[in-house]
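Source: prediction; values computed, not measured. All heavy atoms count here, side chains included; hydrogens, waters and symmetry mates do not.
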Amino acid sequence: ISRRQSDGMANGTINRELTALKRMFRLASQLTPPLVISTPHIPHLQENNVRHGFFTEEEYKLLRAVLPDYVKVPVIIAYWTGMRAGEILMLRWEQVDQERGLLRLEPGTTKNQEGRLIPLVREVTQVLLQWKQQTLERYPYCSWICHYQGKRLPTIPRRTWKKACVR
């Protein structure tokens with residue numbers, strides 16, 4: 001640990017290496033005959049990977065006003081729900097329960113593999129309703145919520161995002 005820290009490695013990187021080392025010992029102890037008799041205690045370091053860069057409501061409203069619709073929809077969902085970008089970009093219309101005001105994330109589609117129901121605030125519900133109407137008119141075959149011209153949006157385009165931030 002000391003050597004890797006002196007090499008300038010982050011605690012998270014060191015922890016991933018320690019996890020691999022721990023796994024090697026565990027596998028070696030499970031062999032017949034075992035290559036090691038006991039597995040040593042391997043400590044982990046504290047990680048400080050707190051996210052930064054949250055919007056104030058005023059900043060959110062300014063950004064929302066200058067984004068094109070196809071980027072505005074995932075940004076509005078993200079702002080009000082706190083969902084991960086990958087979860088948002090994989091949403092399909094069938095996951096929206098307009099009547100109950102819920103988004104349904106199926107088990108296996110989230111980072112922790114657990115499903116969940118996300119309540120929607122009025123702004124998200126209204127935006128989704130309008131966006132769905134536009135989508136059905138122009139791209140009736142499109143099942144994705146986050147799309148550009150009927151094709152799933154794989155990421156938020158950096159250039160579009162940067163332009164909106166500058167504006």
Any chance you could lay out the side chain to side chain contact (heavy atoms under 4.5 Å, CB included) test for Glu57 and Tyr79, step after step, and finish with the verdict? CA-CA 9 Å; Glu57 187 173 1; Tyr79 181 79; 3.6 Å; yes

Heavy atoms, side chains only, cut-off 4.5 Å: are [X] and [Y] in contact?
X      : Y      : value
Lys151 : Trp144 : no
Lys22  : His44  : yes
Leu128 : Ile77  : yes
Arg152 : Met90  : yes
Thr135 : Pro140 : no
Leu117 : Arg100 : yes
Leu35  : Ser29  : no

Sidechain-backbone polar pair: [X] side chain, [Y] backbone, donor-acceptor under 3.5 Å:
X      : Y      : value
Gln95  : Arg92  : yes
Asn15  : Leu45  : yes
Arg104 : Glu94  : yes
Thr13  : Met9   : no
Glu17  : Ile14  : no
Trp131 : Ile145 : yes
Asn11  : Gln46  : yes

Separation of [Y] [atom2] from [X] [atom1] (nearest 0.5 Å):
X      : Y      : atom1 : atom2 : result
Ile118 : Asp97  : CD1   : CG    : 13.0 Å
Thr39  : Met24  : OG1   : CE    : 12.5 Å
Tyr60  : Ile76  : OH    : CD1   : 4.5 Å
Cys142 : Leu136 : SG    : CG    : 9.0 Å
Leu67  : Thr160 : CG    : OG1   : 8.5 Å
Thr81  : Ile88  : OG1   : CD1   : 5.0 Å

According to a 4.5 Å side-chain heavy-atom criterion applied to Ile, Leu, Val, Met, Phe, Trp and Tyr, with indirect links allowed, do [X] and [Y] form part of one hydrophobic cluster?
X      : Y     : result
Val121 : Val73 : yes
Ile156 : Met83 : yes
Val36  : Ile42 : yes

Distance-only donor-acceptor check, side chains Glu59 and Thr56, under 3.5 Å: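 On atom types as modelled, these side chains qualify, holding a pair under 3.5 Å.
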
When you check the gap from the basic side-chain N to the acidic O, do Glu123 and Lys61 get nearer than 4.0 Å?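 Salt bridge flag = no for Lys61 with Glu123.
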
Between Glu87 and Arg116, does any NZ, NE, NH1 or NH2 come within less than 4.0 Å of an OD or OE carboxylate oxygen?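 A salt bridge links Arg116 with Glu87.
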
Could you pull out the closest heavy-atom pair between [X] and [Y], with the gap in Å?
X      : Y      : result
Arg64  : Lys72  : O-CE, 3.0 Å
Leu89  : Cys146 : CD2-CB, 3.9 Å
Leu153 : Pro74  : CD2-CG, 4.4 Å
Val124 : Trp80  : CG2-CB, 3.5 Å
Val66  : Arg167 : O-NH1, 3.4 Å

Check for me whether the distance between the ring centres of His147 and Trp93 falls short of 6.0 Å.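 No.
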
Please determine whether the number of non-hydrogen atoms from other residues, nucleotides or ligands lying under 6.0 Å from atom CD of Gln113 exceeds 12.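 Counting neighbours around CD of Gln113, more than 12 heavy atoms of other residues, nucleotides or ligands fall under 6.0 Å, so yes.
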
Could you check whether atom CD1 of Ile37 has more than 12 heavy atoms from other residues, nucleotides or ligands sitting under 6.0 Å from it?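 Open.
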
Relative to each other, are the rings of Tyr70 and Tyr148 parallel, tilted or perpendicular (30° and 60° limits)?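 Rings of Tyr70 and Tyr148: tilted, 30 to 60°.
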
Ring-plane angle category for Phe55 and Trp161, please: parallel below 30°, perpendicular beyond 60°, tilted otherwise.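 Perpendicular: the ring planes of Phe55 and Trp161 meet at over 60°.
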
Assess whether side chain to side chain contact (heavy atoms under 4.5 Å, CB included) is satisfied between Thr125 and Arg122, documenting all intermediate values. CA-CA 5 Å; Thr125 304; Arg122 184 180 306 168; 5.6 Å; no

Decide yes or no on side chain to side chain contact (heavy atoms under 4.5 Å, CB included) for Gln134 and Tyr139, but give the supporting numbers first. CA-CA 8 Å; Gln134 289 178 26; Tyr139 314 103; over 6 Å; no

Please step through side chain to side chain contact (heavy atoms under 4.5 Å, CB included) for the pair Val96 and Leu103, ending with a clear verdict. CA-CA 5 Å; Val96 179; Leu103 267 178; 3.5 Å; yes

